[in-house]
Amino acid sequence: AVLTDAGTRTTLWARRDELARTITDDHVNPDYLPGIELPEGLSAVSDIDEALDGADLVVCAVPSQSLRDNLSRWNGRIPAGAALLSLAKGIESETLSRMTEVIADVTDRPDDRIAVLSGPNLAREVALRQPAATVVACRDESVARSIQNACTTAYFRPYTNTDVVGCEIGGAVKNVIALACGMASGAGLGENTLASIITRGLAETIRLGEALGARAETFAGLAGVGDLVATCSSPLSRNRSFGARLGEGRSLEEAQQATHGQVAEGVKSCSSVRALAAAHGVDVPLTDAVHRVCHEGLPVRDAIIALLSRSTKPE
Ligand SMILES: NC(=O)C1=CN([C@@H]2O[C@H](COP(=O)(O)OP(=O)(O)OC[C@H]3O[C@@H](n4cnc5c(N)ncnc54)[C@H](O)[C@@H]3O)[C@@H](O)[C@H]2O)C=CC1
Ligand SMILES: O=C(CO)COP(=O)(O)O
């Protein structure tokens, strides 16, 4: 919708033909964005060849853990000169790869044709055309600028950056921290706790990002603190809502069922972020606590006690 509003001719690919037809003919996506009118010029197809035909930008917006599989099927059909842009915010479980690394691995394209878009961009608010800013990052700044041009509208303001690692780590780790905020909120805790989690969550995001080669200042920007604050504060966030259900005492299975098939990326990424941090000798206590609640059955109350009983240290 943003690309179409920006004047970029856009074809959406959907797996179900029926949904593709509803988007093209009725300009709505009733399962995911009920009550929102999509731009008239946006069309959708279920045939991947039709979607990719003549594309000079391929925007990948499937959940992180399915990107490799989808890309592998699309790969031979992506036009040779096309740039690829990732919207996904996660770390692949099996390989601990960032999404642009998955794209490079599968498509064998150079880094300067692969970009990421990340920022405080809750889908429903963007689709309602509420003002928001974001970051388009690519190692080649001219590619970032051309993608910026392709998606700038009166309500959507992308900034460019060349720090791909920082933008991707910011996007993946904020989902884990939003789960932690949800857990605290679901357990009945208030704003001091949430602000402490957001701030210390940012500290561990920066530690990990710097260890992976990101620039610290990226995390002070829209793909860092911007997205972290939006996701940790909003009831629209699936990650925060998922954490809240766990904080209320529901099981992982019950929390999963309540997502109605939508992805809460942090549930898988908490384990991959934790493993990535361990591989680089980086301490990520909040991520570790989220992993233990989600995957080792640790009750939220015990996770809070464990976090607060760690040895004291300078900020
Ligand atoms: N929803 C949001 O507000 C935002 C989401 N993102 C990121 O975008 C990515 C996609 O998330 P959403 O679209 O929100 O998730 P979603 O769960 O709402 O929708 C995912 C879409 O991908 C499809 N899908 C699911 N599994 C698939 C598979 N194996 N192969 C092909 N298609 C599949 C679903 O049918 C659905 O159309 C995630 O990495 C998320 O973190 C980024 C910014 C904002
Ligand atoms: O990434 C997002 C906002 O920028 C969306 O967050 P959720 O996936 O938690 O809904």
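Both counts, for ligands and for their atoms, begin at 1 and track the order of listing.
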**Prompt:** Taking distance alone, with no angle check, do A123 and ligand 1 share an N/O pair under 3.5 Å?
**Reply:**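 By distance alone, the answer is yes.
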**Prompt:** Should W13 be counted as touching ligand 1, given the test is an N or O pair under 3.5 Å?
**Reply:** no
For [atom], the option (of [options]) bearing the nearest heavy atom:
{"atom": "atom 4 (C) of ligand 1", "options": "V62, L87, N121", "answer": "N121"}
{"atom": "atom 32 (N) of ligand 1", "options": "Q65, R16, R73, R15", "answer": "R15"}
{"atom": "atom 10 (C) of ligand 1", "options": "A61, G171, A14", "answer": "A61"}
{"atom": "atom 15 (O) of ligand 1", "options": "V263, L12, L117", "answer": "V263"}

**Asked** Numbering the atoms of ligand 2 from 1, which are under 4.0 Å from a heavy atom of T231?
**Response**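 Checking each atom against T231, I get 3 (C), 6 (O), 9 (O).
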**Request:** Go through ligand 2 atom by atom and flag the ones less than 4.0 Å from a non-hydrogen atom of S237.
**Result:**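 Heavy-atom distances to S237 below 4.0 Å select 7 (P), 9 (O), 10 (O).
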For [atom], find the nearest protein heavy atom and state the residue, atom name and distance (0.1 Å precision).
{"atom": "atom 12 (P) of ligand 1", "value": "R238 NH2, 3.8 Å"}
{"atom": "atom 21 (C) of ligand 1", "value": "P63 CD, 4.3 Å"}
{"atom": "atom 4 (O) of ligand 2", "value": "D227 OD1, 2.7 Å"}
{"atom": "atom 38 (C) of ligand 1", "value": "E265 OE2, 3.1 Å"}
{"atom": "atom 8 (O) of ligand 2", "value": "R238 NH2, 3.0 Å"}

Enumerate the atoms of ligand 1 whose separation from the nearest heavy atom of [X] is less than 4.0 angstrom.
{"X": "N70", "answer": "28 (C), 30 (N), 31 (C)"}
{"X": "S66", "answer": "27 (C), 28 (C), 29 (N), 30 (N)"}
{"X": "Y32", "answer": "16 (P), 18 (O), 19 (O), 34 (C), 35 (O), 36 (C), 37 (O)"}
{"X": "L122", "answer": "3 (O)"}
{"X": "K89", "answer": "39 (O), 41 (O), 42 (C), 43 (C)"}
{"X": "Q262", "answer": "17 (O), 18 (O)"}

**Any donor-acceptor pair under 3.5 Å from R301 side chain to A187 backbone** = yes
**Item:** Transitive ILVMFWY side-chain link L96 to M99, under 4.5 Å
**Value:** no
**Request:** Assess whether atom CD of E191 is packed by more than 12 heavy atoms of other residues, nucleotides or ligands within 6.0 Å.
**Result:**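 No, the 6.0 Å shell around CD holds no more than 12 heavy atoms from other groups.
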**Request:** Give a yes/no verdict on whether any heavy atom in Q262 is under 4.0 Å from an atom of ligand 2.
**Result:** no
**Prompt:** Looking only at heavy atoms, is any part of R124 under 4.0 Å from ligand 1, and if so is it the side chain, the backbone, or both, or is it neither?
**Reply:**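 R124 to ligand 1: no contact under 4.0 Å from either part.
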